[in-house]
Asks: 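If you scroll down you'll find the structure; I have some questions about it.
In this chain, residues are counted from 1 in sequence order.
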Amino acid sequence: VVAIIGILAAIAIPNFISMQYKAKRSEIPTNVKAIKAAQIQYESSNDVFVTCTAYPSSPTKTTQDWTKADAGGFTTIGWEPDGAVRGSYSVTAGSTDFTAFGVSDVDGDGSNATYTATKSTNPTAPTTAADVY
């Protein structure tokens with residue numbers, strides 16, 4: 001019985017950790033999609049897309065506060081997240097399109113998961129491997 005419990009734990013614990021990382025990483029595509037919507041709305045009113053430098057400057061394993069006064073272009077387009085973030089967000093803009101980026105490292109291993117969206121695409125899957133968190 002003890003051996004069976006040990007085998008089950010050896011299988012379940014890594015799966016549980018992976019699910020935790022996926023849940024923490026799920027913030028990224030949600031926020032990137034909201035940034036996309038804010039860019040499109042801003043462009044419809046002002047005829048220009050806005051470049052937003054990376055904010056916070058790098059992703060972390062723990063949450064970081066979002067300070068509206070320091071958010072640069074994100075404040076211009078009227079977007080801010082609901083509360084603290086784990087990821088780092090940025091936007092490169094051209095005259096007819098933009099690319100919004102969301103980067104995370106929720107497991108703290110130095111490998112970043114990246115999601116992108118453009119005017120015509122949504123951040124449905126990371127542009128990195130699915131097991132990078």
Asks: Run the salt bridge (charged side-chain N to carboxylate O under 4.0 Å, His left out) test against E80 and tell me which residues pass, sequence neighbours left out.
Replies: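 Listed in chain order: K68.
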
Asks: Please enumerate all residues that pass side chain to side chain contact (heavy atoms under 4.5 Å, CB included) together with T51, with sequence neighbours excluded.
Replies: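 For T51 the side chain to side chain contact (heavy atoms under 4.5 Å, CB included) partners, ignoring immediate neighbours, are A93.
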
Asks: Who are the side chain to side chain contact (heavy atoms under 4.5 Å, CB included) partners of S26, not counting sequence neighbours?
Replies: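 None.
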
Asks: Is there a side-chain contact between V91 and F49, using heavy atoms and a 4.5 Å cut-off?
Replies: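 No; the side chains remain at least 4.5 Å from each other.
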
Asks: Just so I know, are the side chains of E27 and P81 near enough to count as touching, which here means a heavy-atom distance under 4.5 Å?
Replies: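 No, too far: nothing below the 4.5 Å cut-off.
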
Asks: Taking side-chain hydrogen bond (donor to acceptor under 3.5 Å, both in side chains) as the definition, give me every residue that meets it alongside Y133, ordered by chain and number, with sequence neighbours left out.
Replies: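 With neighbours one apart ignored, the set is S18.
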
Asks: Any pair with a residue in residues 28-48 that passes ring-ring contact (aromatic ring centres under 6.0 Å, His included), sequence neighbours left out, goes on the list, sorted by first then second residue, please.
Replies: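 Of all non-adjacent pairs touching residues 28-48, none passes ring-ring contact (aromatic ring centres under 6.0 Å, His included).
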
Asks: What pairs with F101 under ring pair (Phe, Tyr, Trp, His ring centres under 6.0 Å), at least two apart in sequence or on another chain?
Replies: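 Result, ring pair (Phe, Tyr, Trp, His ring centres under 6.0 Å) vs F101: none returned.
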
Asks: My understanding is that only residues two or more places apart in sequence, or in another chain, count here; which of them pass side-chain hydrogen bond (donor to acceptor under 3.5 Å, both in side chains) with T121?
Replies: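 Partners of T121 under the side-chain hydrogen bond (donor to acceptor under 3.5 Å, both in side chains) test: T118.
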
Asks: Can you give me the closest heavy-atom contact between A129 and R25, atom names plus distance?
Replies: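 That would be O-NH1, 4.5 Å.
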
Asks: Please tell me if the side chains of Y89 and Y115 come closer than 4.5 Å, counting only heavy atoms from C-beta onward.
Replies: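 Y89 vs Y115: side chains apart.
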
Asks: Under the side-chain hydrogen bond (donor to acceptor under 3.5 Å, both in side chains) rule, collect the residues that match up with E43, sequence neighbours excluded.
Replies: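 In terms of side-chain hydrogen bond (donor to acceptor under 3.5 Å, both in side chains), with neighbours along the sequence ignored, E43 is linked to no residue.
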
Asks: Can you list the residues that meet the side-chain hydrogen bond (donor to acceptor under 3.5 Å, both in side chains) rule with N122, with sequence neighbours excluded?
Replies: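 N122 satisfies side-chain hydrogen bond (donor to acceptor under 3.5 Å, both in side chains) with K36 once adjacent residues are dropped.
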
Asks: Just jot down the side chain to side chain contact (heavy atoms under 4.5 Å, CB included) partners of A34, sequence neighbours excluded, or say none.
Replies: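 Partners of A34 under the side chain to side chain contact (heavy atoms under 4.5 Å, CB included) test: W79.
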
Asks: Return the set of residues passing side chain to side chain contact (heavy atoms under 4.5 Å, CB included) with S88 (not counting sequence neighbours), or none when no residue passes.
Replies: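 Partners of S88 by the side chain to side chain contact (heavy atoms under 4.5 Å, CB included) criterion, ordered by chain and then number, come out as A54, P59.
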
Asks: Sequence neighbours left out, what pairs pass salt bridge (charged side-chain N to carboxylate O under 4.0 Å, His left out) with at least one residue falling in residues 96-123?
Replies: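 Sorted result for residues 96-123: empty, none.
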
Asks: Can you tell if the side chain of V132 reaches within under 4.5 Å of the side chain of S111, non-hydrogen atoms only?
Replies: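 Result yes, sub-4.5 Å side-chain heavy-atom pair found.
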
